[in-house]
Each structure stands twice: as C-alpha cells, then as structure tokens.
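Everything quoted here is computed from the prediction, not taken from an experiment.
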Amino acid sequence: MLSPKEIVAKIFKEESNIENVMFVGCGASMADLYPAKYFLEKNAKKLRISLSTANEFNYDSPASLGKNTIVIVASLGGTTPESVEATKVASKAGAHVISVTNSEGSPLTEAAEFVVVHGFHESYAAKVAKMKNVLLLAVEIFQASEKYDHYDEMIDALNKIDGLINKSVKSVTPSARVFAEQYKDDKLIYVLSSGATYDVAYSTASFLFMEMQWIAAPTLNSGEYFHGPFEMTEKNVPYLLFMNDGPTRHLDARALTFLQRFDAKVTTIDAKDYGLDSIASDNVIDYLNPMILTGVMRVYAEQLAIARKHPLTKRRYMWKLEY
C-alpha cells in the first residue's frame, strides 16, 4: 500500500495542475479532517480548499469538482453510506479520490483511486491516526504544489507525535477522574477552542458528550465566544476549554480569563502541559495541537463514562434503527 507521500507523487505526475482539495466526511471523521483543511487554508496561496459533510457534497456538489481536484474522504469503518457515496460522486466527476479508513477492503475503498489504511484500536496515539494521515496528505499536497518552507520540521514533529501522546496519557488519569467527578451530573457542558483545534472541541461536544454520554454540549470558538455566547457565562456553569500552544493561544487565554472572572466551572486541557513544544517548532506547532489534545481527551471521556455508569458504546438510535 502506498504512503501519503507516494500517493501525492502519483497524482501530481498524472495531473500537475491541481487546483482544488476537498475534504469530505461525516461525524468524527469529518472533524478529523479539519486540521489538514486548516493547514492548507493557512499556507496555500494557489489551492482552493473546502471541507464538506458528505451528503452536502453529494447533493450539492461544488462546481469546481473535476480532474483538477483531489478529494479526500474519511470513514473509520469505511461503511458510512454518505461517505461511500461521496467517493462515487467524486470519482464520476473525474477527481482524484483518496479514501482514508481503518478497514481495508471496505465499501469506502471501492471507488477510490488511492487508499490509506490507518490504525485505531492499538493505543491512544492510534485514535488520532486518521487525523495524522490526512494532515500528512495535506502537507505532501502543499509541498508538491507550492513547496513548504517548514516541510522537514513538520515531518519530524509528525514522526514524534505518537510517542508524545502515549507518554502523556500515562499521567492523565488523576486529573481526568477529578473532571469526571465534577461534571458527572451536568446536563450541559460548553466546549471551547480555537485554531486547528476547533474541531476537537466540536468532536468532543458532538460525539464524546452528545452521542456517547447524552450530555448537551454547544461548541464555541474561543474568539467567537465574546461575540454573543459569553452572555451565558455564570457562576458554576460547566465549560471545557482546549488550550492551544501556538498562534491562537491568546484567544483561548482571553476566554479563560473571562470564565474565571465570573466563577464558571471551567476545566482546561492545555497542550503546554504535555510538552508539545518539545517535538514541534513554533512554525508547525499549531497543527499538532489537535492530536495531543484528542489523545488526552480520550482518557477524560473514559473516566466520565465510568463516573456516570454510562459506557461510551451505549446508544439510543445508532446501530439500532434505520434512519
């Protein structure tokens, strides 16, 4: 099976004039695409970048979809019907389709030109393997298209992130248990972050809290918090804030200062606490935040599930109903 670097090299050999990169997925898989989309948006000067939920892509396909487009579609098990259909829509339009999945030979791979198979169950670091592989694809696309000044720094950091995640989670359980005890009876938790980590806040809220724990969880951008949502801040109202180490940290810190000012019940999970800067330079650190924070958050979610006596696998509707 080809590596992300080899896949991108083959695409650019066939079609050097790549104009569009479209990321497509559903649920947590769509959220895992966000850091790569964020990276390309912040760095690329020529490429057009988009991120779509699969059925919007299928029913309202972009006019630019065609032979000058790379479409990256992700689905953990490779069976999400909307995402499987997206590979067919993109392939029919003549795009270069890359499927990213944990399941080799799954339906997601059938219409794809290229397939990336990643781990998931092996370790806490493996929980972000999809996110990491898609970011690798984005880095290689940018390198092939425009050249990335910090390419070597990024590849070095990505090679080291798994070790840092697996090391970090070993010390997390005590603080995760405190969080679980403090939040186990809450019916609502606001979740905030910024930058490349914004969709870690979204995935935590939508999937770990709402899907897996049935806790209402609005997602807020730390910068946008001050443009309306901060009016909901009161004493003991529950918040979870993911703190970035990098360019958008100021946004997170400003939100934290306000939350503390009004005695909200706020927990921070901070990339600085886990030494992200020990493996990532200032030039690339922003794009590694989502991975370390996702790995750590998984321990928090597991402890919350234990405290609430509500397993992360428990569902009302998923896997039980046709919908």
Would you confirm whether Ser123, through its side chain, and Ala126, through its main-chain N or O, come within 3.5 Å as a donor-acceptor pair? yes

Between Thr313 and Trp319 the two heavy atoms that sit nearest each other are O-CZ3, 3.5 Å

Salt bridge or not for Glu211 and Arg315, using N-O below 4.0 Å? yes

Glu85 versus Asn58, side-chain donor and acceptor atoms under 3.5 Å: no

Same hydrophobic cluster for Leu276 and Val284, using side-chain heavy-atom links shorter than 4.5 Å among ILVMFWY? yes

Validation row: Val191, Tyr239 side chains within 4.5 angstrom (heavy atoms): no

Give a yes or no on this: more than 12 heavy atoms of other residues, nucleotides or ligands lie within 6.0 Å of atom CZ of Arg254. no

Indicate, with yes or no, if the rings of Tyr34 and Phe23 have centres closer together than 6.0 Å. no

List in chain and number order the residues that pass side chain to side chain donor-acceptor pair (under 3.5 Å) with Lys160, two or more places apart in sequence or in another chain; answer none if no residue qualifies. Asp156

Mind listing the closest non-hydrogen atom pair of Ser222 and Leu241 along with its distance? OG-CD1, 3.8 Å

Linking I/L/V/M/F/W/Y whenever any side-chain heavy atoms sit under 4.5 Å apart, do Phe262 and Leu188 land together? yes

Quick one: do Ile49 and Leu135 end up in the same hydrophobic cluster if we chain Ile, Leu, Val, Met, Phe, Trp and Tyr together by side-chain heavy atoms under 4.5 Å apart? yes

Please report whether the ring centroid of Phe258 lies less than 6.0 Å from that of Phe226. yes

Are the side chains of Ile215 and Met210 in touch, meaning some heavy atoms are under 4.5 Å apart? no

Restricting to non-hydrogen atoms, name the atom on Arg316 and the atom on Lys320 that form the minimum distance, rounded to 0.1 Å. O-CD, 3.5 Å

Compare all side-chain heavy atoms of Lys88 with those of Val97 and state whether any distance is below 4.5 angstrom. no

Applying salt bridge (charged side-chain N to carboxylate O under 4.0 Å, His left out), which residue pairs with at least one partner in residues 127-143 are found, sequence neighbours left out? Lys5-Glu140, Asp32-Lys130, Lys132-Asp162

Neighbour count above 12 (heavy atom, 6.0 Å) for Glu56 CD: no

My understanding is that a hydrophobic cluster links ILVMFWY residues whose side chain heavy atoms are under 4.5 Å apart, including indirect links. Using that, what else belongs to the cluster containing Met1? Val115, Val117

Just to verify, what does Glu41 make a salt bridge (charged side-chain N to carboxylate O under 4.0 Å, His left out) with, not counting sequence neighbours? Lys37

So, using salt bridge (charged side-chain N to carboxylate O under 4.0 Å, His left out) as the criterion, who are the partners of Lys272 when residues are at least two apart? Asp245

Can a donor-acceptor pair be found, under 3.5 Å and without considering hydrogens, that links the side chain of Thr204 to the backbone of Val200? yes

Student check: side-chain heavy atoms of Met22 and Ser64 closer than 4.5 Å: yes

Pairing residues for Glu82 by the salt bridge (charged side-chain N to carboxylate O under 4.0 Å, His left out) criterion, not counting sequence neighbours: none

Which atom of Cys26 lies closest to which atom of Ser83, heavy atoms considered: SG-OG, 3.6 Å

Test item: side-chain donor near acceptor, Tyr183 and Thr267, under 3.5 Å: yes

Quick one: side chains of residues 294-306, donor-acceptor pairs under 3.5 Å with protein atoms, not counting sequence neighbours, listed by atom name and distance.
residue, atom, partner, partner atom, Å
Thr294, OG1, Pro290, O, 2.6
Tyr300, OH, Ser175, OG, 3.1
Glu302, OE1, Tyr124, OH, 2.6
Glu302, OE2, Tyr124, OH, 3.4

Would you list the pairs meeting salt bridge (charged side-chain N to carboxylate O under 4.0 Å, His left out) in which at least one residue belongs to residues 256-268, sequence neighbours left out? Asp186-Lys265

Determine, step by step, whether Val266 and Val237 satisfy the side chain to side chain contact (heavy atoms under 4.5 Å, CB included) criterion, reporting the C-alpha distance in whole Å, the side-chain angles of both residues, the deciding distance to 0.1 Å, and the verdict. CA-CA 8 Å; Val266 57; Val237 172; over 6 Å; no

Quick check: do Tyr151 and Val139 have side-chain heavy atoms less than 4.5 Å from each other? yes

Once rounded to the nearest 0.5 Å, what's the spacing between atom CG of Asn289 and atom OG of Ser193? 7.5 Å

When hydrophobic residues are tied together by side-chain contacts of less than 4.5 Å, even through go-betweens, does Leu192 share a cluster with Met232? yes

Apply salt bridge (charged side-chain N to carboxylate O under 4.0 Å, His left out) to Lys184 and list each qualifying residue two or more places apart in sequence or on a separate chain. Glu181

Give a yes or no on whether the backbone of Ala125 and the side-chain of Asn166 come within a donor-acceptor separation of less than 3.5 Å. yes

If you measure only the distance, is there a donor-acceptor pair under 3.5 Å linking the side chains of Thr197 and Asn244? yes

Is there a donor-acceptor contact under 3.5 Å from the side chain of Ser168 to the main chain of Leu164? yes

Kindly say whether Phe179 contributes a backbone atom to a donor-acceptor pair with the side chain of Gln182 at under 3.5 angstrom? no

Tell me whether the rings of Phe230 and Tyr225 are parallel (<30°), tilted (30 to 60°) or perpendicular (>60°). perpendicular

Determine, step by step, whether Val100 and His118 satisfy the side chain to side chain contact (heavy atoms under 4.5 Å, CB included) criterion, reporting the C-alpha distance in whole Å, the side-chain angles of both residues, the deciding distance to 0.1 Å, and the verdict. CA-CA 7 Å; Val100 183; His118 59 82; 3.7 Å; yes

Under the ring pair (Phe, Tyr, Trp, His ring centres under 6.0 Å) test, residues paired with Phe39 that sit two or more places apart: Phe142, Tyr148, Tyr287

Pairwise distance CG(Asp286) to OG(Ser194) - rounded to 0.5 angstrom: 7.5 Å

Might you point out which heavy atoms bring Ala86 and Phe57 nearest each other, and give the distance in Å? O-CE2, 3.7 Å

Between Asn20 and Arg48: side-chain donor-acceptor atoms closer than 3.5 Å: yes

Straight-line distance of Ser145 OG to Ile141 CD1, nearest 0.5 Å: 9.0 Å

Locate the shortest heavy-atom distance separating Ala95 from Val71; write the atom from each residue and the value. CB-CG2, 3.8 Å

With heavy-atom distances below 4.5 Å as the criterion, would you say the side chains of Met30 and Tyr202 are in contact? yes

Please tell me if the side chains of Leu65 and Val89 come closer than 4.5 Å, counting only heavy atoms from C-beta onward. yes

Pairs in or reaching into residues 93-111: which pass side chain to side chain donor-acceptor pair (under 3.5 Å), with residues at least two apart or in two chains? His96-Glu113

Checking His310 now: which residues fulfil side chain to side chain donor-acceptor pair (under 3.5 Å) with it, not counting sequence neighbours? none

If the threshold is 4.0 Å, N to carboxylate O, is there a salt bridge linking Arg249 and Asp270? yes

Using the rule given for side chain to side chain contact (heavy atoms under 4.5 Å, CB included), can you reason through Val84 versus Thr79, listing the C-alpha separation, both sets of side-chain angles and the distance that settles it, and then say yes or no? CA-CA 7 Å; Val84 172; Thr79 58; 5.6 Å; no

Count I, L, V, M, F, W, Y as connected when their side-chain heavy atoms are under 4.5 Å apart, and connections chain through other members. Are Ile98 and Leu2 then in the same cluster? yes

Taking only Lys NZ, Arg NE, NH1 and NH2, and the carboxylate oxygens of Asp or Glu, determine whether Glu146 and Lys46 approach each other closer than 4.0 Å. no

For the residue pair Leu158 and Met291, establish whether any side-chain heavy-atom pair is separated by less than 4.5 Å. yes

